[in-house]
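What follows is a set of notes on a single structure, which appears directly below.
Since the model is a prediction, treat every value here as computed from it, not as a measurement. When a ligand or atom number is given, it counts from 1 through the structure's own listing order.
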Amino acid sequence: MKRLILALDVYERERALEIAECTADYLWAVKVNWPLIIGSGLGIITELRQVTGLPVIADLKLADIPNTNRLIARKVFDAGADYIIAHGFVGREGVNAIMELGETIIVVEMSHPGAEEFIQPATDKLIELANELEPFGVIAPATRPERVAYIRSKLKPGIKILTPGVGAQGGKAGEVLKAGADYVIVGRSIYASENPREAARNLHREIAGV
Ligand code: XMP
């Protein structure tokens with residue numbers, strides 16, 4: 001089973017397509033974030049799906065009023081995104097507006113040190129929200145495997161846990177998968193390496209050994 005998600009945070013269309021194509025064999029999905037969408041346009045989502053045949057996750061971390069979330073999500077799903085990442089702290093209506101249009105992933109805790117300031121104190125409530133709305137998955141920090149284990153213990157079984165923070169931010173794929181994550185999200189350790197295909201293959205092998 002493939003459990004690796006590529007965070008494709010480059011600006012240039014050609015480079016993005018090249019890296020996605022050469023790593024696709026080892027990926028479950030490709031994640032696009034604002035840098036690539038700003039650099040290459042929304043059409044990159046359609047192209048990535050065509051080139052890789054993989055699901056595309058749009059990591060927009062949407063956090064707006066329901067109507068604006070809906071307006072944005074509609075265009076992004078129309079472009080071919082299979083999943084959208086959204087913040088839950090704006091309230092259930094904001095998340096629901098996206099879920100009515102397609103598969104959604106809710107951030108319940110972030111991977112950077114600053115997550116301890118505001119998001120971590122709200123994690124229990126965000127888990128409750130996820131359990132109520134039953135999205136495809138939640139985002140949890142690969143940098144804190146103990147928090148992933150905690151989130152897994154509170155989350156309804158069918159809801160997937162996707163964890164950014166492996167590699168450049170210090171998280172270890174094996175540790176976080178053992179803690180209960182379903183997928184690991186890796187950006188710089190793959191796309192900024194000299195040989196992205198080899199970097200993805202090494203991570204894929206590490207994951208397969210868990
Ligand atoms: P790196 O280069 O650090 O890239 O491997 C990680 C990717 O994941 C995103 N990211 C997050 N997304 N919650 C999220 O929804 C998080 O806590 C989080 N931490 C990292 C980051 O923007 C990049 O695309």
Side-chain angles (χ1 to χ4, degrees), residues 3-11 15-16 19-20 23 26-40 44-45 48 56-64 69 72-73 76 81 83-90 94-95 98 103-123 126-127 129-130 135-148 150-151 155 159-173 175-177 179 181-194 196 199-200 202-204 206-207:
R3 303 169 80 181
L4 178 60
I5 299 168
L6 170 64
L8 199 44
D9 296 330
V10 299
Y11 293 124
R15 188 164 166 232
I19 295 169
T23 55
Y26 306 110
L27 308 177
W28 172 69
V30 178
K31 183 175 85 65
V32 302
N33 198 333
W34 289 107
L36 183 55
I37 294 175
I38 290 167
S40 302
I44 191 69
I45 293 178
L48 282 168
V56 173
I57 300 170
D59 182 3
L60 305 177
K61 294 190 188 68
L62 287 183
D64 217 310
N69 272 359
I72 297 168
V76 173
Y83 305 89
I84 290 180
I85 299 179
H87 273 300
F89 63 73
V90 290
V95 180
I98 305 164
E103 297 279 14
T104 307
I105 299 165
I106 301 175
V107 178
V108 297
E109 192 166 318
M110 295 187 74
S111 57
H112 63 311
E116 287 174 13
E117 257 184 286
F118 301 111
I119 296 246
Q120 204 181 76
T123 294
L126 293 166
I127 294 169
L129 180 72
F136 169 79
V138 301
I139 297 285
T143 44
R144 297 186 204 92
E146 74 288 355
R147 293 293 295 166
V148 173
Y150 174 77
I151 291 163
L155 199 63
I159 303 174
K160 307 285 186 208
I161 299 183
L162 296 80
T163 53
V166 166
Q169 294 182 65
K172 305 257 183 303
E175 271 180 36
V176 75
L177 290 168
D182 295 284
Y183 299 100
V184 292
I185 299 174
V186 183
R188 284 163 286 181
S189 297
I190 297 177
Y191 71 72
S193 86
E194 264 180 37
N202 289 342
L203 276 157
H204 173 68
E206 181 186 340
I207 290 167

Please tell me if the side chains of Val107 and Leu126 come closer than 4.5 Å, counting only heavy atoms from C-beta onward. no

Are Ile38 and Tyr11 packed together at the side-chain level, in the sense that at least one heavy-atom pair is separated by less than 4.5 angstrom? no

Test side-chain contact (heavy atoms from CB on, under 4.5 Å) on Val76 and Ile37 and set out the steps. CA-CA 10 Å; Val76 173; Ile37 294 175; 5.9 Å; no

Which donor-acceptor pairs under 3.5 Å do side chains of residues 161-173 form with protein atoms, sequence neighbours excluded?
from   : atom 1 : to     : atom 2 : distance (Å)
Thr163 : OG1    : Tyr183 : O      : 2.9
Gln169 : OE1    : Ser111 : OG     : 2.8

Working note: Leu4 + Thr23, criterion side-chain contact (heavy atoms from CB on, under 4.5 Å); need CA distance, chi angles, decisive distance, verdict. CA-CA 10 Å; Leu4 178 60; Thr23 55; over 6 Å; no

I'd like the residue list for ligand 1, meaning every protein residue with a non-hydrogen atom under 4.0 Å from the ligand. Ala7, Asp9, Lys31, Asn33, Asp59, Lys61, Ile85, Val107, Glu109, Met110, Ser111, Ile139, Pro164, Val166, Gln169, Val186, Gly187, Arg188

Salt-bridge contact Glu103-Lys160 (side-chain N to carboxylate O under 4.0 Å):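 The answer is no: the pair does not qualify as a salt bridge.
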
